[in-house]
Amino acid sequence: MAGQYIDGMEMDKLVSLCRRRGFLFQSSEIYGGLNGFWDYGPLGVELKRNVREAWWHDMVTGHNELSVAPGAPAPYEMTGLDCTIIMHPQVWKCSGHYDLFHDYMVDCRESKRRYRHDQVRGRWVTAKGQRIFVTTVAEVAQEQADVEHRALKFFHLRAKDADQLSWDGDFRALPEVTDLSQVLGPDARTLGTLTEPREFNLMFKTYVGALGGEESSAFLRPETAQGIFVNFRNVVDSTRVRVPFGIAQIGKSFRNEITPRNFTFRSREFEQMEIEFFCHPSQSQQWYQYWRDRRLKWYTDLGLAGERLRLREHDREELSHYSTGTADIEYAYPFLPPGEFGELEGIAHRGDFDLRSHMEGKLDPATCPLALERDADGKPRWRGSGKDLTYRDDLTGERFIPHVVEPSAGADRATLAFLCEAYTEDEAPDENGVMQARTVLRLHPRLAPLKAAVFPLVRKDGMPEIAQEVYAALKPHFPVFYDEKGAVGRRYRRQDEAGTPYCLTIDGQTLKDRTITIRDRDSLNQWRIHVDDCVAELQQLLR
RNA sequence: GCGGGUGUAGCUCAAUGGUAGAGCGUCAGCCUUCCAAGCUGAACACGAGGGUUCGAUUCCCUUCACCCGCUCCA
């Protein structure tokens with residue numbers, strides 16, 4: 001493939017092109033912008049729509065449930081769903097997002113580090129007449145060693161003087177300590193450098209109904225997946241689908257990221273393309289592998305074929321114990337340091353965690369086998385729906401809770417990756433045959449915002465009239481663009497920058513035999529086709 | 001949110017305590033018979049708010065956004 005991958009230095013060029021050509025704008029720009037929010041412009045909206053539609057077609061509507069897909073263990077069905085962004089607050093309590101996304105954080109004024117309030121642990125220790133609380137974020141096995149080392153250092157004692165340290169009580173979590181002035185932060189050398197704990201809610205909170213107040217509080221969804229789980233029963237009861245089957249959904253999700261960064265990569269409002277695939281527990285591993293490979297192939301088929309795309313299986317330590325596998329599809333975005341990859345999509349084996357949590361109440365991910373998470377009084381921390389979310393196989397009579405494989409893709413991240421991959425600078429000859437720099441988006445034709453452009457070679461001799469005729473013939477079938485202004489070379493270059501794969505030009509010969517030239521964006525090759533064949537020719541090329 | 005850097009036309013960059021310039025791009029017209037830089041003309045900027053000053057794009061404060069670190073993983 002001609003052209004060079006862009007590196008971090010050249011990410012700016014892509015961002016600039018996106019803005020200049022109307023792919024992406026900063027949200028609310030005229031008011032100074034809003035951190036973590038992005039708007040898609042005229043070209044961007046088409047590109048992202050094409051990404052979504054390619055996904056929906058390839059995963060849902062184009063799927064043939066009567067035959068066995070390559071690599072699949074069995075035939076399966078696919079269906080779609082579109083649920084609300086705001087759901088019952090209990091959904092997020094049972095899903096675990098409420099607890100996980102609702103943290104208190106403390107900052108250290110000295111080390112400039114930030115910690116989860118509840119993850120900082122420490123011990124009271126007295127030496128030289130002073131009593132301090134020494135904290136650590138080390139693993140439990142190392143925490144005593146770490147705390148002792150740092151206590152010695154604080155009191156200016158040698159290791160052999162460890163017996164001068166008088167420990168008071170066992171390890172306890174930082175939230176149990178009220179006086180932060182006597183706390184030695186995990187990376188601090190002086191006392192009292194930790195700030196008061198501050199609430200971090202990674203979910204956007206809102207209020208349902210005209211009256212505010214905690215009673216009416218709700219959240220914007222941080223993922224679309226839960227809407228699928230809570231509708232599992234509805235889909236099964238209303239569609240005659242049988243396990244194995246998948247429910248797909250595309251929609252906006254919201255996370256109050258601490259630090260939105262890297263163009264649209266980490267946005268606070270973003271779009272997901274998720275599938276929850278329900279299968280028999282005994283087959284879940286095979287389905288996991290199928291989806292992992294199927295999803296990787298989807299990206300490569302659409303042009304992310306280089307070394308910048310990879311599939312990374314999570315290590316055993318990264319997995320929840322109820323999961324038998326998780327893989328990330330990652331892309332080496334140019335804004336990342338060389339060798340680093342950013343996540344495009346996660347394919348997770350989630351077992352029966354989600355359906356059971358919505359049935360029985362929030363499960364404790366730390367338990368094995370999974371058990372209800374309980375509060376200090378032994379009551380369920382968050383009550384489930386109590387509804388039966390088991391599935392009965394009518395053929396075998398077996399009743400079970402399906403296991404779930406979850407391919408969860410980021411629509412904006414995919415769009416960004418396709419843009420990064422497509423951005424190319426190469427050379428093309430000018431009118432004197434001298435090579436000139438050219439910027440071209442080598443987008444896959446399925447993704448290109450415009451499929452073709454139509455030009456009269458010059459604006460006279462009846463060429464515009466024929467060009468408009470061609471344009472009119474194409475327009476009902478494809479997004480196409482008409483341009484008759486200025487030099488034709490300039491018009492070609494403009495289309496190259498927008499990623500338009502084909503340009504049709506009406507020239508002098510057209511007037512004689514009604515043939516026009518068609519020019520390929522990537523190879524710059526041209527060939528002639530008859531005016532009456534241009535729709536068919538493009539349909540052929542764009543397939 | 002904390003620390004460091006940045007903020008001038010759409011883009012890239014100048015200059016200045018007193019009316020802000022250029023190139024590219026855009027638009028209009030001319031010229032153009034296949035790959036951006038020919039001619040003529042036009043539009044467009046000091047991120048926002050406040051302060052100091054006779055006067056601020058320039059000095060000060062605040063804020064917003066962007067880039068680099070700490071956190072997050074679609």
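The basis for the numbers below is simple: all heavy atoms, side chains too, and nothing from hydrogens, waters or symmetry mates. Lettering follows sequence order; numbering is per chain, from 1.
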Next on the checklist: Ignoring hydrogens and geometry beyond distance, is a side-chain donor-acceptor pair present between A/Thr326 and A/Tyr288 at under 3.5 Å?
Outcome noted: no
Next on the checklist: Output the pairing pattern of RNA chain B as a dot-bracket string, 5' first, Watson-Crick or G-U wobble with both distances under 3.5 Å, | for cross-strand pairs, [ ] for crossing pairs.
Outcome noted: (((((((..((((....[..)))).(((((.......)))))....(((((..]....))))))))))))....
Checklist entry - Taking only side-chain nitrogens and oxygens of A/Arg20, does any of them come within less than 4.0 Å of OP1 or OP2 of B/U12? => result no
Checklist entry - Looking only at atom P, what distance separates B/U12 and B/G7, rounded to whole Å? => result 12 Å
Checklist entry - With sugar-phosphate meaning primed atoms plus P, OP1 and OP2, does A/Arg491 contact a base, only sugar-phosphate, or nothing at under 4.0 Å between heavy atoms? => result nothing
Checklist entry - Would you say B/A36 has OP1 or OP2 under 4.0 Å from some side-chain N or O of A/Arg438? => result no
Checklist entry - Which whole-number value in Å describes the distance from A/Glu497 CD to B/U26 C1'? => result 13 Å
Checklist outcome for this item: Here the gap from A/Ile247 atom CD1 to A/Cys83 atom SG, rounded to the nearest 0.5 Å, amounts to 10.0 Å
Item to check | Side-chain N,O (A/Lys485) to OP1/OP2 (B/G29) below 4.0 Å | outcome: no
Item to check | Lys NZ or Arg CZ of A/Lys451 over A/Phe478 ring: under 6.0 Å, within 45° | outcome: no
Item to check | Polar side-chain contact A/Arg490-B/A36 base: donor and acceptor under 3.5 Å | outcome: no
Checklist entry - Among A/Leu524, A/Thr505, A/Thr500, A/Asp483, whose side-chain contact (heavy atoms from CB on, under 4.5 Å) with A/Tyr492 holds? => result A/Thr505
Checklist entry - Once you round it to whole Å, what is the distance between P of B/A36 and CZ of A/Arg521? => result 18 Å
Item to check | Between B/G1 (P) and A/Asn256 (CG): distance, integer Å | outcome: 11 Å
Checklist entry - Rounded to the Å, how far apart are A/Arg19 CZ and B/A9 P? => result 10 Å
Next on the checklist: Considering every strand and a 4.0 Å limit on heavy-atom distances, what is the contact class for A/Ser267: base, sugar-phosphate, or nothing?
Outcome noted: base
Next on the checklist: Base, sugar-phosphate or nothing for A/Phe265? Non-hydrogen atoms, less than 4.0 Å.
Outcome noted: base
Next on the checklist: With a 3.5 Å cut-off and heavy atoms only, can you find an N or O donor on one side and an acceptor on the other between the side chain of A/Ser16 and the base of B/C11?
Outcome noted: no
Checklist entry - Which part of the nucleic acid, if any, lies within contact of A/Glu345, taking any heavy atom under 4.0 Å across all strands shown: a base, the sugar-phosphate backbone alone, or nothing? => result sugar-phosphate
Checklist entry - How is A/Phe341 classified with respect to the nucleic acid when contacts are heavy atoms under 4.0 Å: base, sugar-phosphate, or nothing? => result nothing
Checklist entry - What nucleic acid atoms does A/Thr517 come within less than 4.0 Å of, heavy atoms only: base, sugar-phosphate, or nothing? => result base
Checklist entry - So what does A/Ser408 touch, heavy atoms closer than 4.0 Å: a base, only the sugar-phosphate, or nothing? => result sugar-phosphate
Checklist entry - Base, sugar-phosphate, or nothing: which does A/Gly346 touch, judged by heavy atoms less than 4.0 Å apart? => result sugar-phosphate
Checklist entry - So what does A/Asp461 hit on the nucleic acid, given a heavy-atom distance under 4.0 Å: a base, only sugar-phosphate, or nothing? => result base
Checklist entry - Which part of the nucleic acid does A/Leu344 contact within heavy-atom distance under 4.0 Å: base, sugar-phosphate only, or nothing? => result sugar-phosphate
Checklist entry - Atom CZ of A/Phe270 and atom C1' of B/C73: how far apart are they, to the nearest Å? => result 10 Å
Checklist entry - Taking OP1 and OP2 of B/C66, is either one under 4.0 Å from a side-chain nitrogen or oxygen of A/Asn35? => result yes
Next on the checklist: Below the 4.0 Å mark, does B/U33 have OP1 or OP2 next to a side-chain nitrogen or oxygen of A/Gln509?
Outcome noted: no
Item to check | NZ or CZ of A/Arg295 within 45° of A/Trp298 ring axis and under 6.0 Å | outcome: yes
Checklist entry - Contact class for A/Met463 vs. all strands (heavy atom < 4.0 Å): base, sugar-phosphate, or nothing? => result base
Next on the checklist: Does A/Arg413 qualify as a cation-pi partner of A/Phe265, given the criterion of NZ or CZ under 6.0 Å from the six-membered ring centre and within 45 degrees of its axis?
Outcome noted: yes
Item to check | Cation-pi check, A/Arg255 onto A/Phe270 ring (under 6.0 Å, within 45° of axis) | outcome: no
Item to check | Salt-bridge contact A/Glu484-A/Arg491 (side-chain N to carboxylate O under 4.0 Å) | outcome: no
